[in-house]
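Counting convention: from 1, in listed order, for ligands and their atoms alike.
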Amino acid sequence: MCGVIGYTGNMEAAPILLEGLKKLEYRGYDSAGIAVLDKNVISISKVSGRIAHLCEKTDDGKLLHGCIGIGHTRWATHGAPTDTNAHPHMSNDGRFAVVHNGIIENYLMLRDELKAKGYHFESQTDTEVIVHLIDMYDTGDFRKAVMKAASRLQGSYALGVICADDPDKLIAVREYSPLLIGVGIGENYFASDVTAIVPYTRNVIYLDDGQLAEITKENIVVYDCTGKKVPKEINHISWDVQDAEKGGYAHFMLKEIMEQPGAVKAAMTPRMKDGEICWEESGLDSFDVHSVSRIVITACGSAYYAGSAGRYVFEQLCRIPVQVELASELRYSNPIIDGQTLLIVLSQSGETADTIAAMRECMKRGAKSLAIVNVVGSTIAKIADHTVYTWAGPEIAVATTKGYTTQLTVLYLLALWMGRKLGTLDEESYHMLYESIRALPKVIQDALDMNPMIKKLAGKYHDAKALFFIGRNTDYATALEGALKMKEISYLHSEAYAAGELKHGTIALIDDHQPVIALCCNSLLQEKTISNIVEVKARGAEVLAVTCKGNQNILSVADDVLYIPKVEPIFSTVAEIIPLQLLAYYVAEENGCDIDKPKNLAKSVTVE
Ligand code: F6R
């Protein structure tokens with residue numbers, strides 16, 4: 001929910017920290033700050049508001065001098081987004097400064113203890129206890145003081161610490177919050193995510209929970225929580241700096257929408273070879289699908305909606321019962337799970353706190369876990385029995401687009417692979433469906449080509465009081481995701497309903513000119529949905545239908561029609577979401593919203 005960064009080297013740290021924070025801003029953007037260390041003195045600058053404000057205040061970093069420093073961009077949890085609550089936080093004597101992503105659950109107890117010892121608190125944050133604890137445990141060994149302080153913390157944290165008395169060293173600690181080390185030449189970094197450091201190095205070390213890194217410009221040493229040195233592997237990041245830039249688009253969201261044909265292709269290519277589906281990199285090839293009697297899919301937000309669409313595909317192709325559960329509900333539901341349950345976990349970031357907790361709970365009860373994740377080296381990827389990466393590349397816009405469609409792609413491939421292994425699919429159907437999946441990047445591209453038409457339609461709908469999204473089966477799953485996209489970036493009240501359910505109450509809300517977006521791509525249920533369109537039309541609704549080419553019947557009932565190419569009904573979600581992503585984008589643009597950073601949200605939800 002927050003972003004942290006640290007630098008040590010021969011250059012001025014402040015401009016590097018600010019550039020890195022701009023890349024991390026999607027993780028939280030209500031306040032920001034940096035601390036730079038020079039000649040045994042720590043200087044701090046922090047502000048409420050965006051990184052741009054911090055850049056102004058520091059003259060793009062030129063006002064703070066020193067070649068070592070830490071930075072933070074915040075999504076407030078404890079205490080309002082004020083200058084004082086912004087990180088870094090300093091010890092009372094100014095010798096230590098700390099940045100923190102995560103939540104310290106026992107901070108109230110620690111606060112009382114520290115206050116009783118005479119520590120003075122400036123902020124309302126949970127983080128401030130950390131810096132005072134470090135000060136309390138300091139006996140002249142910086143690393144040991146941080147380690148001792150960390151051992152007192154309950155909750156989640158990615159910490160970055162500097163010490164005025166030890167001016168060549170950064171300390172970074174990880175517990176349930178993402179943190180990696182960037183390995184440079186004569187300079188080193190830490191950051192919440194690789195986008196912040198990829199302009200400088202593509203060599204990274206992923207810290208594990210409970211590990212602490214002591215970082216100087218020439219050296220990196222990683223310790224476990226007992227203080228024992230641990231060898232770490234250096235990983236090479238393959239994507240380019242441009243992947244994390246806007247590349248001429250007005251917003252990351254639009255860029256990421258447009259990248260979807262390539263992203264979906266990247267998700268499928270390594271798995272589709274000569275008519276076969278293979279999972280070499282995740283070790284799934286040897287997985288015994290016959291041991292599975294039930295599938296539980298868990299995730300949050302859009303990833304949950306991808307799972308909702310996936311349920312139809314698994315049930316159809318594998319004839320296995322599938323339950324889709326919100327991770328925040330599953331974790332506290334005393335779930336019925338056994339060794340024959342396959343748990344599929346979906347997460348773009350791989351760091352969503354509720355998803356991690358639900359996963360741990362189910363794994364504890366014996367489930368085999370299969371994670372579908374975008375961010376390499378993330379927590380979910382690490383703890384799963386099997387991990388399949390979506391290879392969507394960095395997703396910066398807060399609202400997910402290519403993260404979602406690549407999750408769907410992987411789910412389609414898994415269901416097809418499993419159905420064939422289980423014998424619930426004959427060879428002919430398998431090959432027909434295999435080819436349908438292979439065609440999806442082209443189908444998505446054709447859907448994207450409706451861009452100008454959708455932009456025009458946004459002008460018609462942008463000032464609606466509310467929007468209703470309706471559909472059946474896979475179309476209903478798309479309706480849920482379409483409504484979420486609309487509400488989160490345009491703030492327009494949007495609701496999704498199973499089309500057949502409207503008449504059980506919600507239809508009372510339909511009156512003259514109420515816009516209804518009708519999803520009608522699943523050809524098996526088109527006629528049924530058309531009946532529901534007729535029902536809302538009869539109450540005065542204005543209907544925008546999304547359907548597949550060839551559906552002429554819709555023309556006589558809908559006011560506007562967007563045609564996507566013909567696609568296999570169970571795989572239609574991945575294509576029909578495209579016009580809805582674009583519609584949400586252009587409605588938000590019409591309404592002057594901050595599209596890449598919608599209010600109250602953050603990209604990676606690492607708190608419960
Ligand atoms: C919506 C959105 C969120 C995420 C959800 C889960 O556009 O992005 O609803 O889908 O927070 O995030 P991940 O997939 O990172 O676990």
Side-chain angles (χ1 to χ4, degrees), residues 1 3 26-28 75 176-178 192-193 195 251-254 256-257 260 263 267 297-310 324-331 344-360 369 371-384 387-390 392-411 477-478 480-491 494 496 577-578 580-585 588 593-608:
M1 305 294 279
Y26 71 90
R27 301 179 63 86
W75 187 87
Y176 298 129
S177 285
S192 297
D193 126 12
T195 50
H251 296 97
F252 280 110
M253 183 173 178
L254 187 58
E256 288 159 10
I257 290 174
Q260 288 176 109
I297 302 180
T298 195
C300 300
S302 295
Y304 168 76
Y305 296 142
S308 307
V324 191
E325 291 285 342
L326 287 166
S328 53
E329 291 293 315
L330 182 64
R331 62 185 294 188
I344 299 183
V345 180
L346 295 163
S347 178
Q348 187 283 130
S349 64
E351 300 293 349
T352 303
D354 282 321
T355 310
I356 294 170
M359 182 178 181
R360 290 192 199 273
S369 60
I372 300 174
V373 173
N374 191 36
V375 177
V376 175
S378 55
T379 304
I380 291 176
K382 281 189 189 148
I383 60 183
T387 297
V388 179
Y389 286 111
T390 47
E395 194 179 60
I396 312 287
V398 164
T400 184
T401 52
K402 61 177 182 171
Y404 170 80
T405 45
T406 50
Q407 283 167 353
L408 287 171
T409 307
V410 171
L411 286 170
T478 314
L480 290 163
E481 170 62 3
L484 180 62
K485 283 286 90 76
M486 186 61 79
K487 64 185 121 182
E488 68 182 327
I489 61 163
S490 77
Y491 318 139
S494 306
I577 192 59
I578 303 292
L580 303 190
Q581 293 170 344
L582 286 168
L583 188 68
Y585 175 82
C593 301
D594 190 349
I595 295 177
D596 283 338
K597 301 185 189 89
K599 67 176 187 219
N600 304 337
L601 299 182
K603 181 73 181 161
S604 181
V605 187
T606 52
V607 295
E608 183 177 346

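Of all atoms in ligand 1, numbered sequentially from 1 with element shown, those under 4.0 Å from a heavy atom of Lys485 are 1 (C), 7 (O). Close contacts of ligand 1 with Ser347, meaning ligand atoms under 4.0 Å from a residue heavy atom, involve 13 (P), 14 (O), 15 (O), 16 (O). Every atom of ligand 1 is numbered from 1 in the order shown, and the set under 4.0 Å from a heavy atom of Val398 is 8 (O). For ligand 1, the atoms sitting less than 4.0 Å from at least one non-hydrogen atom of Glu488 are 1 (C), 7 (O), numbered in the order shown with element in parentheses. Close approach of ligand 1 to Ala303 (heavy-atom distance below 4.0 Å) involves ligand atoms 10 (O), 14 (O). Of all the atoms in ligand 1, the ones that sit under 4.0 Å from a non-hydrogen atom of Ala399 are 7 (O).
At a cut-off of 3.5 Å, with distance as the only test, no side-chain donor of Thr401 or Gln260 sits close to an acceptor on the other residue. Looking only at atom types and distance, the side chain of Thr298 has no donor-acceptor partner in the side chain of Glu325 under 3.5 Å away.
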Next item on the list: Start with the C-alpha distance between Met359 and Ile383, add both sets of side-chain angles, then the distance that settles side chain to side chain contact (heavy atoms under 4.5 Å, CB included), and finish with yes or no.
Entry: CA-CA 9 Å; Met359 182 178 181; Ile383 60 183; 3.7 Å; yes
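Heavy-atom minimum distance, Leu411 versus Ala306: CD1-O, 3.5 Å.
Val605 CG2, 4.0 Å is the protein heavy atom nearest to atom 11 (O) of ligand 1. Considering only non-hydrogen protein atoms, atom 15 (O) of ligand 1 sits nearest to Ser349 OG, 2.6 Å. Looking only at heavy atoms of the protein, atom 5 (C) of ligand 1 is closest to Cys300 O, 3.5 Å. Nearest protein neighbour of atom 12 (O) of ligand 1, counting heavy atoms only, is Thr352 OG1, 3.5 Å. Looking from atom 14 (O) of ligand 1 to the surrounding protein, the closest heavy atom is Gln348 N, 2.7 Å. Of all protein heavy atoms, the one lying nearest to atom 4 (C) of ligand 1 is Ser302 N, 4.0 Å.
Not one N or O of Thr355 is nearer than 3.5 Å to an N or O of ligand 1, by distance alone.
Take Tyr585 and apply the ring-ring contact (aromatic ring centres under 6.0 Å, His included) test, not counting sequence neighbours, and it matches His251.
With contacts defined as side-chain heavy-atom distances shorter than 4.5 Å, the pair Ile595/Val398 does not qualify. In this structure, the side chains of Gln581 and Glu256 stay at 4.5 Å or more apart for every pair of heavy atoms. No side-chain heavy atom of Gln348 sits under 4.5 Å from any side-chain heavy atom of Thr390.
Here salt bridge (Lys or Arg N to Asp or Glu O under 4.0 Å) pairs that include residues 396-406, with residues two or more places apart or in two chains, are Glu259-Lys402.
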